[in-house]
Each structure stands twice: as structure tokens, then as C-alpha cells.
Amino acid sequence: MSALRVAVVGAGPAGMYVADALVLPREGSAVPVQVDVYDRLPTPFGLLRYGVAPDHPKMKMLTRALQRTLDDPRVRFLGGVQVGTDVTVDELRAGYHAVAYSFGASTDRRLGVPGEDLPGSRSATSFVTWYSGHPDAPADDVDLSGVRTAVVVGVGNVAVDVARVLSRPVADLRVTDVPEPVLDRLAASAVADVHVLGRRGPVQAKFTVKELRELGELEGVDVVVDPADLVLSAADEAELAEHPAVGRNLELLREWSQRPLTGAPRRLHLHFWSRPAALEGDGRVERVLVERTRLDGDGRLVAAGAPSPLPAELVLRSVGYRGTGLDGVPLDPATCTVPARDGRVLRDGAVSPGEYVAGWIGRGPVGVLGTNRSDAEGVVEGLLADAPALLARPLGPDPVALLAQRGVTPVDAEGWGRIDAGEVARGQALGRARTKIATWDDLLATARS
Ligand SMILES: Cc1cc2nc3c(=O)[nH]c(=O)nc-3n(C[C@H](O)[C@H](O)[C@H](O)COP(=O)(O)OP(=O)(O)OC[C@H]3O[C@@H](n4cnc5c(N)ncnc54)[C@H](O)[C@@H]3O)c2cc1C
């Protein structure tokens, strides 16, 4: 029987879990499978490498499990290949029996307030990208000089991540893989106050208790919470009863709201019922006009008074992610996801044979890393059920041969292995376990060395 050839677009957690589920031994299934995993980056693992916070080493260890999938001889890594540019989606659809899209959804949402584009205001995504050593973000991309006060807009785990990285002693990050030039900038930073703004109350905040608790454990940081922000309405109480995990967040917040300040050098302020009405400054952000909010009788969020100025030199918006399209792949403009039924892509409302979607670009930017696994397993179940029909279709030109004709040389698993080893070697030379190689030139040169 000829092998079922599958292209996976995006080597993030979702794509890797799709590949893993495809090669998993299964009872009663005799279909041999060959999987090509494409990524625009020369490195695999998507946001696990370039999003998950560097000071969360346990989470980062998941790369080991994903690496085992890459080591499987039936899985081929094709890094440094931008699908849509180096090879088109139509070429992949012609050259493989099935294509699974897992290209992620990590474009940030905007605030939609005046002054949002002033220098000094940026997405939390771009800040994460910078401290994660992503090759799209040069080390000098973030300038913290002159920043004493930072405002983080949003109360999800990403907001907590960036607030923590801004506040925590840089010595804590020296044991991580954060690139040296980024560490130098963080070490030179004089950030003393970080304000986190949530437009609704503590019951609606999206952070999880584990992430939140860490904020209270940072050395040299006082956490400041106004007890008035923690007063619950009857509606909040009802919501809380349905989501008991939120109660643990509240316990922590209540404890912090009672803690006396210790005079620590940095303060992390958590505000609820507060949103930015505008960002102001002469050529760059100097202040945020912060508006208090409340729910009106219809449950709509409205301003509770005139905004008041909060001086700040850096604003990071962290109000959610969204997917952007890939040429040749349908995108639902309302949800910014690829429309699908049970993981099968829909074109004009009908299932498009041989096209599948998994991960954030399929279900939206929700869930934890493990959610991508169950998601991918479900998608692969459908794909393998479709295998007899998919195998019946003759294949067009081999996309890997097309890449060669175009002078595109993918970074293969060995090339990624050289990057991996290079990062460990560079880190060890500095007394660290690893330090990221953070430029395109350096990554590609190391991969091809
Ligand atoms: C800042 C941040 C921190 C997070 N921290 C945690 C955490 O601590 N714990 C947790 O459980 N979850 C965390 N998450 C969520 C987790 O990262 C996601 O669930 C997961 O990464 C989604 O996987 P994905 O494969 O769908 O997308 P991604 O991880 O975004 O992977 C998509 C991949 O597709 C590639 N790609 C994009 N376009 C193309 C193209 N045209 N051609 C080829 N390749 C392409 C990208 O380079 C990328 O490698 C975090 C997310 C963010 C943003």
C-alpha cells in the first residue's frame, strides 16, 4: 500500500501533535504515513519556544516530547519555508493526500483608543517575541531606557507573564534561555511600577491561580491591590459559584489587598474595573488616561467617571490574539479562524476533501498547550477515516522538489539539531544551560554549519 502523504503547515504544538497522532501505532489501521511538517521559522515548536515564558521551565520541557515526534523517521521537518510564499497552498494540496493547517493565531488585538500607535505603546506579543529571542525581533527592538512606569492592559496569563518579566530581578532570568542582549536591557531597566489594568472585575479576569500566585512571590516586588476593586456584585457571586477556581484568585487578591507595603524597590499594581481611554504624550507615550468602568442595567460595560491620568512611559496591550489568513486558505472574518467541521476545512460551507485544521487557527486562541493535543487527536481521527478516499487521488508535483527548483533549502531536523546544540554550547560558555540564537542569519548559519 502506498503511504498517505500529509503536509502539516506550522510546527507549533498543534502541528507537532498532529504529526504525533498520525504516526501513533493504531489497532486495525495499516495505512503507512509520511508527514512533512513545514514552518516559516528554522526552528520547531511555535509559541512553546517563542511565547511560553522563559521562567516557566517545566512548561518548556514539553519540547522534549515534541522532539521525539520530530525524531520519528516518518516525520520530516522543513523549517525556514514560508507557506504561501516559498510554496503555495495549492501546490501543497496537489502534492499531498492531505494538508493540515496549524499556523497559529498570534496576531494581537488592538485597543481601539486614541494614541495607541504612539512610540512606547506596543503589543504584549511583540514584547514576548523580544524577550523570547524570536528572530523577527531584533535585540534593540525594545527600549526600556527612561521607563519607570509600565502599564499592561489585560488580565490574562500573557499579561501576567509580561508584568512578571518586567518586574522580576533579572538574576532570575539569567538561568533561562533569554538572549544576553535582552538580559542586558532588562538589567539596565529602571522600571519601578507596573500597573496591570482589567476592564472588568476580578471574577472575570482570565488569569489562572498558578500564574497569579507567582506575582506575590517575586523578590523585591510589592503587589498592590485596592480592596474596593474586590467588592462583588450579586452577578459576580453567581458567576463565582459556577467557576469555583476563580475563588482561589480572589483569596489571593484579598490577601494582597491587606498586605502592608514593605518598601520593596518595585511595585506591581493590579487594577480592576479600569481601562485606558487614551494614550497621550508629546511624540511618545507619557501617560495613560485611565477610565473607571462599571456595568449598566443591561450588563454593558460603561465609563464610571471621567478618566484620570496615569504617568507611564511604556504600554503593553494584551487583550487577546487573533488569526490572520494564509493565501489560499479560507478564514472566517468573524472568528478569525479557518472554518471547519470536526477538523475538516469548509470551503463555501462544504467540506473540502484533504484539508484539515488544528490548534489556535482552528479553534481560536484559547486553552492550554494540552488542549492542542486532544484537538489534534480528534482531527487525525477524521483524517485517517478519510484515508481510503484521499489515497485514491493521484498526486501532483512534489512540493519539496518545487522548493529545490526555487532555490529554497529547508532547514531539516539535523539543521535544527545543530541550532539546538549551538544554543546549549553558547549557554554553557556563559555558565547558563542555554541561550537562544536570536537572529535569522545566525540561526541559518548555525543550521547549515
Ligand atoms: C505569550 C504566550 C504565552 C503562553 N504561555 C502558555 C503557558 O504558559 N502554558 C500553556 O499551556 N499555554 C501557553 N500559551 C498558549 C500556547 O502557546 C498555545 O496553546 C499553542 O502554542 C498554540 O499552538 P499552535 O500550534 O496552534 O500555534 P503556534 O504555537 O503559534 O504555532 C504556529 C506555527 O506556525 C508557523 N507558521 C505561521 N505561519 C506560517 C506559514 N505561512 N508557513 C509556515 N509556517 C507558519 C509559526 O512559525 C509557528 O511555529 C501561551 C501563548 C502565548 C501567546
Side-chain angles (χ1 to χ4, degrees), residues 7-20 36-63 66 77-89 92 99-109 123-132 134-136 152 154 156-165 206-208 210-211 214 316 318 320-329 337-338 357-376 379 399 403 408 410-411 416:
V8 174
V9 181
M16 293 312 305
Y17 283 133
V18 166
D20 186 53
D36 283 351
V37 185
Y38 289 83
D39 205 289
R40 61 177 284 265
L41 296 171
T43 54
F45 312 141
L47 286 171
L48 179 54
R49 182 174 156 91
Y50 291 120
V52 170
D55 54 346
H56 282 171
K58 270 198 194 144
M59 207 48 106
K60 291 279 191 193
M61 258 152 52
L62 200 64
T63 54
L66 302 188
F77 179 55
L78 296 150
V81 179
Q82 172 105 28
V83 174
T85 307
D86 296 324
V87 61
T88 67
V89 164
L92 292 184
V99 183
Y101 306 114
S102 51
F103 50 85
S106 51
T107 306
D108 69 294
R109 288 186 185 275
S123 65
T125 325
S126 70
F127 187 73
V128 170
T129 301
W130 171 71
Y131 67 60
S132 300
H134 193 294
D136 285 349
V152 179
N157 280 342
V158 176
V160 171
D161 280 351
V162 297
R164 191 179 67 251
V165 168
K206 296 270 185 286
F207 40 58
T208 48
K210 188 172 155 287
E211 293 261 345
E214 268 183 274
L316 300 175
S318 179
Y321 289 87
R322 66 189 167 85
T324 46
L326 173 56
D327 255 1
V329 182
T337 56
V338 173
V357 63
W360 271 17
I361 195 58
R363 64 170 197 279
V366 288
V368 291
L369 282 158
T371 319
N372 299 298
R373 176 173 212 154
S374 38
D375 184 5
V379 171
L403 287 171
V408 179
V411 172
W416 152 238

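One-based numbering, in listed order, for ligands and for the atoms of each. Model, not experiment: these values are computed from the prediction.
You'll find the side chain of Val162 reaches within 4.5 Å of the side chain of Val128, heavy atoms only. With contacts defined as side-chain heavy-atom distances shorter than 4.5 Å, the pair Val89/Tyr101 qualifies.
Tyr321 pairs by the ring pair (Phe, Tyr, Trp, His ring centres under 6.0 Å) definition with Trp360, not counting sequence neighbours. Residues passing the ring pair (Phe, Tyr, Trp, His ring centres under 6.0 Å) test with Tyr131 are Phe127, sequence neighbours excluded. Listed by chain and residue number, Gln82 satisfy the side-chain contact (heavy atoms from CB on, under 4.5 Å) test with Thr85 (two or more places apart in sequence, or in another chain).
Using a distance-only test at 3.5 Å, with no hydrogens or angles considered, a donor-acceptor pair links the side chain of Ser102 to the main chain of Gly10.
For ligand 1, the protein residues within 4.0 angstrom (heavy atoms only) are Gly10, Gly12, Pro13, Ala14, Asp39, Arg40, Leu41, Gly46, Leu47, Gly51, Val52, Met59, Val81, Gln82, Val83, Ser102, Phe103, Gly104, Val128, Val158, Asp161, Tyr321, Leu326, Gly359, Trp360, Val368, Leu369, Asn372.
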